[in-house]
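Okay, so here's the structure we're looking at.
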Amino acid sequence: MKLVNIKIKDVKVASLLATILVLQGCATYKPSNTLNLCSIFEGNVSWYKEAKQSNKRWGTPIPVMMAIMQQESNFVDDARPGYKYFLGIIPTGRVSSAYGYSQALNGVWGEYKQSAGSFSSDRDDFDDAIDFVGWYTAGTQRMTGVSKWDAYGQYLAYHEGRGGYNRKTYNKKPWLLGVAKKVKTRAANYTSQLKQCQSRLESKSSGWF
């Protein structure tokens with residue numbers, strides 16, 4: 001009888017631990033330091049694996065993709081733009097349909113799902129969002145000639161759209177040129193940081209399925 005009680009107790013403990021693990025897996029990961037790529041990836045190694053998969057699929061360097069995403073949403077899964085106001089006080093809707101980690105607009109997200117993603121892809125899932133950034137930047141290189149390694153030019157095309165980039169609409173937006181410079185600097189910093197921790201990340205992620 002005593003042995004049976006121990007077994008029942010062990011089963012309850014194991015069940016509780018499994019529940020905790022499931023809940024942790026469902027919780028949205030929010031990096032504590034979005035300016036350090038090692039901190040971001042070591043906090044959630046699955047993000048490194050997913051960024052690596054996007055890099056392998058589309059060829060855009062991981063630091064470039066992550067720098068664009070950091071600027072767009074600061075890695076907030078459900079990020080949205082602010083509201084437009086009538087007479088400065090009455091909200092009339094969001095500034096745009098941008099949403100999620102990548103801040104992709106409804107239209108271009110639909111294009112991505114049809115041509116490269118799947119109909120189950122979600123903008124608030126990191127793996128789908130980082131794949132979108134890889135897809136978009138690869139398309140930008142193909143359509144505009146901007147290198148996938150050029151974080152500055154890629155961000156301008158990401159923000160203005162490829163047509164806007166070709167028309168050089170960014171030249172009328174000095175503030176945007178400043179933001180693009182920040183993205184370029186962030187990508188360079190991320191590149192240096194990744195070199196310091198990539199071997200650790202590879203080791204940690206090697207046992208993941």
Side-chain angles (χ1 to χ4, degrees), residues 26 28-31 34 37 40-41 44-82 84 93-170 173 176 179-180 182-184 186-187 190 194 205 208:
C26 293
T28 300
Y29 169 58
K30 294 183 179 179
T34 62
L37 195 57
I40 293 169
F41 285 151
N44 188 341
V45 180
S46 66
W47 275 25
Y48 171 70
K49 286 196 70 176
E50 289 154 3
K52 186 179 173 183
Q53 288 171 356
S54 180
N55 165 254
K56 183 177 181 179
R57 185 180 187 190
W58 304 110
T60 305
I62 291 173
V64 173
M65 293 188 291
M66 293 295 284
I68 290 173
M69 189 179 284
Q70 192 274 337
Q71 180 59 46
E72 289 296 279
S73 68
N74 202 31
F75 304 111
V76 175
D77 65 317
D78 58 354
R80 293 180 185 272
K84 296 180 288 187
R94 298 279 182 180
V95 173
S96 75
S97 62
Y99 177 72
Y101 288 111
S102 63
Q103 288 295 279
L105 299 172
N106 288 348
V108 72
W109 185 259
E111 182 184 344
Y112 160 72
K113 289 204 297 184
Q114 282 192 326
S115 67
S118 69
F119 289 106
S120 63
S121 297
D122 291 316
R123 285 176 284 181
D124 54 6
D125 286 345
F126 179 82
D127 59 338
D128 295 329
I130 196 68
D131 190 68
F132 169 83
V133 177
W135 167 81
Y136 194 89
T137 50
T140 294
Q141 184 184 56
R142 187 174 65 254
M143 297 176 193
T144 69
V146 177
S147 170
K148 287 178 280 190
W149 285 260
D150 179 4
Y152 180 83
Q154 282 287 350
Y155 183 74
L156 291 176
Y158 195 90
H159 189 277
E160 295 295 276
R162 295 157 184 152
Y165 180 86
N166 285 331
R167 295 191 303 273
K168 300 183 179 181
T169 56
Y170 50 82
K173 303 175 181 179
L176 178 58
V179 173
K182 289 183 179 179
V183 174
K184 178 181 178 180
R186 179 71 57 232
Y190 279 174
L194 187 58
S205 63
W208 289 50

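A salt bridge (Lys or Arg N to Asp or Glu O under 4.0 Å) check over residues 126-150, counting only residues at least two apart or in different chains, returns the pairs Arg57-Asp131.
Taking each heavy atom of Val146 and Gly153 in turn, the nearest pair found is CG1-C, 3.7 Å. Across all non-hydrogen atoms, the minimal contact from Gln154 to Ile68 is CB-CD1, 4.3 Å. Counting all heavy atoms, side chain and backbone alike, Met69 lies closest to Tyr101 at CG-O, 3.3 Å. Across Gly134 and Ser54, no two heavy atoms sit closer than the pair CA-OG, 3.7 Å. Ser102 and Val133 make their closest contact through CB-CG2, 4.0 Å (heavy atoms, listed as atom of the first residue, atom of the second, distance). The shortest non-hydrogen separation linking Asp77 to Lys30 is OD1-CE, 4.5 Å.
With Ser121 contributing its side chain and Ser118 its backbone, the two residues share a donor-acceptor pair below 3.5 Å. In terms of modelled atom types and a separation under 3.5 Å, the side chain of Arg123 and the main chain of Ala104 share a donor-acceptor contact. With hydrogens and angles ignored, the 3.5 Å screen pairs no side-chain donor or acceptor of Thr60 with any backbone N or O of Thr137.
The line from CZ of Arg186 to CE of Met66 is 11.5 Å long, rounded to the nearest 0.5 Å. A distance of 15.5 Å separates NZ in Lys184 from CD in Gln71, rounded to the nearest 0.5 Å. Rounded to the nearest 0.5 angstrom, Ile62 CD1 and Glu50 CD are separated by 11.5 Å. Here Thr169 contributes atom OG1 and Glu160 contributes atom CD; the two are 3.5 Å apart, rounded to the nearest 0.5 Å. Here the straight-line distance linking atom CG of Leu194 with atom CG of Leu37 works out to 5.5 Å at 0.5 Å rounding.
Ring geometry for Phe132 against Trp135 counts as tilted: the plane angle lies between 30° and 60°, on a 0 to 90° scale. Relative ring orientation between Phe126 and Trp47 is described as parallel, the plane-to-plane angle staying below 30° on a 0-90° scale split at 30° and 60°.
In this structure, the side chains of Phe75 and Gln70 come closer than 4.5 Å at one or more pairs of heavy atoms. The closest side-chain heavy-atom distance from Tyr155 to Val179 is below 4.5 Å.
In this structure, the ring pair (Phe, Tyr, Trp, His ring centres under 6.0 Å) partners of Tyr48, at least two apart in sequence or on a different chain, are Phe41. By the ring pair (Phe, Tyr, Trp, His ring centres under 6.0 Å) test, Tyr165 pairs with Tyr170, sequence neighbours left out.
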For side chain to side chain contact (heavy atoms under 4.5 Å, CB included), just list the numbers for Ile40 and Tyr190, CA-CA rounded to whole Å, side-chain angles, deciding distance to a tenth of an Å, and then say yes or no. CA-CA 10 Å; Ile40 293 169; Tyr190 279 174; 3.8 Å; yes

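The distance between the ring centers of Tyr136 and Tyr112 does not fall below 6.0 angstrom.
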